[in-house]
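Note that this is a predicted model, so its numbers are computed, not measured.
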Amino acid sequence: DDASGAGDVRYYVVERRLNVSGQPWVTLATIAASASSSYEWHHYMPDGNGEYEYAVRAVDCAAQSSARATDGTVTLP
């Protein structure tokens with residue numbers, strides 16, 4: 001979003017939660033926006049067992065958050 005016109009994105013929030021109904025989202029990282037067309041973040045040595053859902057959301061200069069963008073689940077042993 002911050003490379004395609006909405007220049008007020010200040011940072012991105014990476015979150016995850018267990019893929020079980022009612023589980024809260026947990027923030028894993030906050031990444032400063034840099035007007036890049038793509039971003040990369042590595043979750044080294046993730047902890048936990050089970051199926052997790054990961055998400056990212058953009059936060060603007062007024063601290064307003066976009067909807068979470070998710071894509072499938074990840075199973076951790």
Task: Cluster link Val13 to Val9, ILVMFWY, side chain under 4.5 Å - done: no

Task: Cluster link Tyr39 to Val59, ILVMFWY, side chain under 4.5 Å - done: no

TODO: To the nearest 0.5 angstrom, please state how far the OG atom of Ser34 sits from the OH atom of Tyr12.
DONE: 8.0 Å

- [ ] Pick out which of Thr73, Val74, Leu76, Leu18 makes a side-chain contact (heavy atoms from CB on, under 4.5 Å) with Glu51.
- [x] Thr73

- [ ] Go through the side-chain N and O atoms of Arg57 and Ser66 and say whether any donor and acceptor fall under 3.5 Å apart.
- [x] no

Open item on the list: Is there a side-chain contact between His43 and Arg16 in this structure, where contact means two heavy atoms from C-beta onward sitting under 4.5 Å apart?
Closed with: yes

Open item on the list: Whether the side chain of Thr27 engages the backbone of Ala29 through a donor-acceptor N/O pair (distance < 3.5 Å, no angle test) should be reported.
Closed with: no

Open item on the list: Side chains of Tyr54 and Arg17, heavy atoms from C-beta outward: is any pair under 4.5 Å?
Closed with: no

TODO: Flag yes if Tyr11 and Ile31 sit in one hydrophobic cluster, no otherwise; membership is Ile, Leu, Val, Met, Phe, Trp, Tyr, and two members link when side-chain heavy atoms are under 4.5 Å apart.
DONE: no

- [ ] Give a yes or no on whether a salt bridge exists between Arg68 and Glu15, defined as a side-chain N under 4.0 angstrom from a carboxylate O.
- [x] yes

Task: In one Ile/Leu/Val/Met/Phe/Trp/Tyr side-chain cluster, 4.5 Å: Val14, Tyr52 - done: yes

